[in-house]
Amino acid sequence: QVQLVESGGGLVRPGGSLRLSCAASGSISSINAMGWYRQAPGKERELVATITNGGSTNYAIPMKGRFTISRDNGKNTVYLQMNSLKPEDTAVYYCYYTDYDGVDNYWGQGTQVTVSS
């Protein structure tokens, strides 16, 4: 099993930046993908970005160009750099992990991001 712990959320002004971190521990496969999803109140959880162990990335269209996902395999940690934040980005951000075949999926507890003046 895999445990995921997110950090870095908080309150930020529109146009500001935050960097989220997610530290993974446990039985981590050498072939995996990690990423970030988000969920605002009353809305479905949606993809933000994913990254494989090899560094291949995938971004949702609204986040592409403003958000950057990266990872440190030595630390088993994935990051989400969020720039030019908008009020619409306000949500709980969840870290995600899946193994090589997508059968075993794990979620973090989430970290709140609030973009407001």
Side-chain angles (χ1 to χ4, degrees):
Q1 58 184 14
V2 174
Q3 297 80 44
L4 304 171
V5 180
E6 305 102 328
S7 63
L11 175 65
V12 65
R13 305 294 189 185
S17 299
L18 284 174
R19 190 177 78 155
L20 306 182
S21 298
C22 174
S25 61
S27 301
I28 301 171
S29 174
S30 61
I31 303 174
N32 67 75
M34 297 181 67
W36 296 91
Y37 288 70
R38 69 184 186 185
Q39 187 167 22
K43 301 183 69 175
E44 296 182 356
R45 188 171 298 186
E46 65 176 348
L47 170 72
V48 176
T50 60
I51 185 168
T52 69
N53 59 277
S56 297
T57 58
N58 181 53
Y59 294 90
I61 297 299
M63 276 66 75
K64 190 174 181 63
R66 297 190 297 119
F67 293 7
T68 302
I69 190 169
S70 62
R71 64 187 292 165
D72 184 333
N73 290 336
K75 296 181 179 180
N76 292 319
T77 300
V78 64
Y79 306 94
L80 184 69
Q81 178 67 46
M82 304 185 293
N83 299 324
S84 301
L85 283 163
K86 305 174 181 179
E88 308 93 89
D89 296 318
T90 296
V92 177
Y93 284 70
Y94 295 92
C95 184
Y96 172 76
Y97 167 97
T98 187
D99 67 0
Y100 69 98
D101 60 2
V103 172
D104 297 319
N105 305 307
Y106 298 89
W107 296 92
Q109 292 298 309
T111 184
Q112 177 71 47
V113 172
T114 302
V115 185
S116 176
S117 60

Enquirer: When you compare the side chain of Thr68 with that of Tyr79, does any pair of heavy atoms fall below 4.5 Å?
Expert: no
Enquirer: Answer yes or no for Arg45 and Tyr94: cation-pi contact, defined as NZ/CZ to six-membered ring centre under 6.0 Å and angle to ring axis within 45°.
Expert: yes
Enquirer: Hey, what do you get for OG (Ser27) to CG (Asn32), rounding to the nearest 0.5 Å?
Expert: 12.0 Å
Enquirer: Out of curiosity, Leu80 CG to Thr111 OG1, how far, rounded to the nearest 0.5 Å?
Expert: 11.0 Å
Enquirer: Considering non-hydrogen atoms only, spot the tightest contact between Tyr100 and Ser29 and give its length.
Expert: CD2-OG, 4.2 Å
Enquirer: Run the side chain to side chain donor-acceptor pair (under 3.5 Å) test against Thr114 and tell me which residues pass, sequence neighbours left out.
Expert: Gln112
Enquirer: Could you tell me which residues satisfy side chain to side chain donor-acceptor pair (under 3.5 Å) with Asn53, sequence neighbours excluded, listed by chain and number?
Expert: none
Enquirer: So, for Ala40 and Ala91, which heavy atoms are closest and what is the spacing to 0.1 Å?
Expert: N-CB, 3.9 Å
Enquirer: Of the non-hydrogen atoms in Cys95 and Met34, which two are nearest, and what is the gap between them?
Expert: SG-CE, 4.0 Å
Enquirer: Looking only at non-hydrogen atoms, find the nearest pair between Lys75 and Thr77 and report the distance.
Expert: O-OG1, 3.0 Å
Enquirer: For residues Leu18 and Tyr93, determine if any side-chain heavy atom of one lies less than 4.5 Å from a side-chain heavy atom of the other.
Expert: no
Enquirer: Do Val113 and Met82 have side chains that get closer than 4.5 Å, going by heavy atoms?
Expert: yes
Enquirer: Would a hydrophobic clustering, with Ile, Leu, Val, Met, Phe, Trp and Tyr connected at side-chain separations under 4.5 Å, put Leu47 with Leu4?
Expert: no
Enquirer: At what distance, to the nearest 0.5 angstrom, does OH of Tyr106 lie from OG1 of Thr98?
Expert: 9.5 Å
Enquirer: Can you list the other members of the hydrophobic cluster that holds Leu11, where links are side-chain heavy atoms under 4.5 angstrom apart?
Expert: none
Enquirer: Nearest 0.5 angstrom please: Asn58 CG to Thr52 OG1, how far?
Expert: 10.5 Å
Enquirer: Determine the minimum heavy-atom distance between Pro14 and Ser117, stating which atoms define it.
Expert: CD-N, 3.7 Å
Enquirer: In Å and rounded to the nearest 0.5 Å, what is the CH2 to CD1 distance from Trp36 to Ile69?
Expert: 8.0 Å
Enquirer: Could you list all the salt bridge (charged side-chain N to carboxylate O under 4.0 Å, His left out) pairs where at least one residue sits in residues 79-99, not counting sequence neighbours?
Expert: Arg38-Asp89, Arg66-Asp89
Enquirer: Can you check whether Val5 reaches Gln109 side chain to side chain, under 4.5 Å on heavy atoms?
Expert: no
Enquirer: Can you list everything that forms a side chain to side chain donor-acceptor pair (under 3.5 Å) with Tyr96? Sequence neighbours excluded, please.
Expert: Asn105
Enquirer: Just how far is it from atom OG of Ser56 to atom CD1 of Ile51, taken to the nearest 0.5 Å?
Expert: 8.0 Å
Enquirer: Provide the full list of side chain to side chain donor-acceptor pair (under 3.5 Å) pairs with a residue in residues 15-25, sequence neighbours left out, each pair given once.
Expert: Gln3-Ser25, Ser17-Asn83
Enquirer: Could you report the tightest heavy-atom contact between Gly110 and Val92, atom names first, then the distance?
Expert: CA-CG1, 3.8 Å
Enquirer: Is the ring centre of Tyr37 less than 6.0 Å from the ring centre of Trp107?
Expert: yes
